[in-house]
Amino acid sequence: MHLRAKPWASAWLTAHSDIVIDQKQATEQIGKWQMLFDQKNPIHIEIGSGKGQFILGMALAHPEINYIGMEIQETAIAIAARKSFEQVGKLPNLRYIYGNGNGVETYFEKAEVAKLYLNFSDPWPKTRHESRRLTYKSFLKSYKAILPEKGEVEFKTDNRHLFEYSMVSFVNYGMRWSTNDYSLDLHQDDEKVLGNIETEYEQKFMAKGQPIYKIKAHF
């Protein structure tokens, strides 16, 4: 969902370039991302972080991991970063990229990222828009280029069609998972929901009684 533009967003992002990296800066940071964090830890990225509830929650819950939220909408990334900054200040293990997830391999080198999260991505239901889905083969190629061998992609959605499409796309690209790595109704599974950090969309769909689908697949 496209958010209405906020008049303060651009200026805020410019003033906080130590927290939010723009697309041009990101391409110049390749191989050097650990320098932006207080400590050297595995880097996890959420592509399409929206208003940032998930990535902030993860950073607070796991200080032993460095997190990056990536978002293409200026308003969304500004809301996410400002909310985080106003709530807890500049976290030592959280940064943002104001940039496009398409071509993420131009920002990171091989194995520089340990894990990727895709949460409630736009389903792009029309066939002619298939290549825009974040689990389309060209995106998977980009993810593989920055993850280590057997690197993991964690995917959550409320959209059954997108979930089934993604599973087929993963298989076609040679990705695998075990029976313990997926759920067709996450919040009805007491074991799999442990430690789950909810997104804004997740809470919205849960309130409507819709099942949440989740899978963790690796290359």
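All values below were derived from every heavy atom in this structure, side-chain atoms included, with hydrogens, water molecules and symmetry-related copies excluded.
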Visitor: Any cation-pi pair here, Arg133 with Trp124, using under 6.0 Å and within 45°?
Guide: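 Geometry flag: not set, cation outside 6.0 Å or 45°.
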Visitor: Report yes if the side chains of Leu116 and Glu154 come closer than 4.5 Å at any heavy-atom pair, otherwise no.
Guide: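 A side-chain contact under 4.5 Å is absent here.
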Visitor: Taking all non-hydrogen atoms of both residues into account, name the closest pair between Ser84 and Leu94 and its distance.
Guide: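 What the structure gives for the nearest pair is OG-CD2, 3.6 Å.
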Visitor: Within the 3.5 Å criterion, strictly below it, is a donor on Glu112 or Tyr107 matched to an acceptor on the partner's side chain?
Guide: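 Judged by distance alone, the side chains do not pair up.
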Visitor: Applying side-chain hydrogen bond (donor to acceptor under 3.5 Å, both in side chains), name anything that partners Glu149, two or more places apart in sequence or on another chain.
Guide: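 Applying side-chain hydrogen bond (donor to acceptor under 3.5 Å, both in side chains) to Glu149 gives none.
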Visitor: Name all pairs fulfilling the ring pair (Phe, Tyr, Trp, His ring centres under 6.0 Å) condition that reach into residues 23-43, sequence neighbours left out, sorted by first residue then second.
Guide: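 Output for this query lists Trp33-Phe108.
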Visitor: Tell me, which pairs form a ring pair (Phe, Tyr, Trp, His ring centres under 6.0 Å) where one or both residues lie in residues 140-163, sequence neighbours left out?
Guide: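 For residues 140-163, and leaving out neighbouring residues, the ring pair (Phe, Tyr, Trp, His ring centres under 6.0 Å) pairs sorted by first residue read Phe163-Tyr213.
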Visitor: For Phe205, is the CZ atom crowded, meaning more than 12 foreign heavy atoms sit under 6.0 Å from it?
Guide: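 Counting neighbours around CZ of Phe205, more than 12 heavy atoms of other residues, nucleotides or ligands fall under 6.0 Å, so yes.
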Visitor: Give a yes or no on whether a salt bridge exists between Arg82 and Glu86, defined as a side-chain N under 4.0 angstrom from a carboxylate O.
Guide: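 Yes, charged N to carboxylate O under 4.0 Å.
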Visitor: What I want to check is whether the side chains of Asp181 and Ser178 have a donor and an acceptor closer together than 3.5 Å.
Guide: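 Distance-only check passes for Asp181 and Ser178.
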Visitor: Would you say that Leu60 contacts Leu56 through its side chain, given a criterion of any heavy-atom pair below 4.5 Å between the two side chains?
Guide: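 Side-chain contact under 4.5 Å: yes.
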Visitor: Arg95 side chain to Leu36 main-chain N or O, any donor-acceptor pair under 3.5 Å?
Guide: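 Indeed, once roles are kept as given, a pair shorter than 3.5 Å links the two residues.
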Visitor: State, to 0.1 Å, how close Gly69 and Ser49 come at their nearest heavy-atom pair, and which atoms those are.
Guide: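 Distance-wise, the nearest heavy atoms are C-OG, 3.7 Å.
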Visitor: Would you indicate whether the side-chain heavy atoms of Leu184 and Lys214 approach each other to under 4.5 Å?
Guide: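 The answer is no; the side chains never approach within 4.5 Å.
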Visitor: Look at Asp122 together with Arg132 and state whether they make a salt bridge at an N to O cut-off of under 4.0 Å.
Guide: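 Answer for the salt bridge query: no.
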Visitor: For residues 48-74, which residue pairs pass the ring pair (Phe, Tyr, Trp, His ring centres under 6.0 Å) check, not counting sequence neighbours?
Guide: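 Those involving residues 48-74 are His44-Tyr67, Phe54-Tyr117.
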Visitor: Using distance alone, with no hydrogens and no angle criterion, decide if Asn66 and Gln34 have a side-chain donor and acceptor under 3.5 Å apart.
Guide: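 There is such a pair between these side chains.
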Visitor: If we ignore angles and hydrogens, is there a donor and acceptor under 3.5 Å between the side chains of Asn180 and Glu191?
Guide: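 Not at all, the side chains of Asn180 and Glu191 share no donor-acceptor pair under 3.5 Å.
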Visitor: What salt bridge (charged side-chain N to carboxylate O under 4.0 Å, His left out) pairs are there with at least one residue in residues 99-111, not counting sequence neighbours?
Guide: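 Passing the test, one end in residues 99-111: no pairs.
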Visitor: Which pairs count as ring pair (Phe, Tyr, Trp, His ring centres under 6.0 Å) when at least one residue sits in residues 73-105, sequence neighbours excluded?
Guide: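 Qualifying pairs, neighbours excluded: His16-Phe85.
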Visitor: If you compare all heavy atoms of Ile30 against all heavy atoms of Thr106, which two are closest, and at what distance to 0.1 Å?
Guide: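 Distance-wise, the nearest heavy atoms are CD1-O, 4.1 Å.
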Visitor: Under a 4.0 Å threshold between the charged nitrogen and the carboxylate oxygen, would Lys115 count as salt-bridged to Glu152?
Guide: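 Yes, this pair counts.
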Visitor: Just to verify, which of Lys156, Gln203, Gln53 counts as forming a side chain to side chain donor-acceptor pair (under 3.5 Å) with Glu198?
Guide: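 Of all the options given, the one that passes is Gln203.
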Visitor: Glu46 and Asn119: side-chain donor and acceptor closer than 3.5 Å?
Guide: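 Looking only at side-chain atoms, Asn119 and Glu46 do form a donor-acceptor pair, the distance falling under 3.5 Å.
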Visitor: Heavy-atom count check: over 12 atoms from other residues, nucleotides or ligands less than 6.0 Å from Lys141 NZ?
Guide: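 No, NZ of Lys141 has 12 or fewer neighbouring heavy atoms, counting only those of other groups under 6.0 Å.
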Visitor: Is the shortest side-chain heavy-atom distance between Met58 and Ile65 below 4.5 Å?
Guide: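 Met58 does not reach Ile65 side chain to side chain.
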Visitor: Can you check whether Tyr165's main-chain N or O pairs, donor with acceptor, with Ser169's side chain at less than 3.5 Å?
Guide: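 No.
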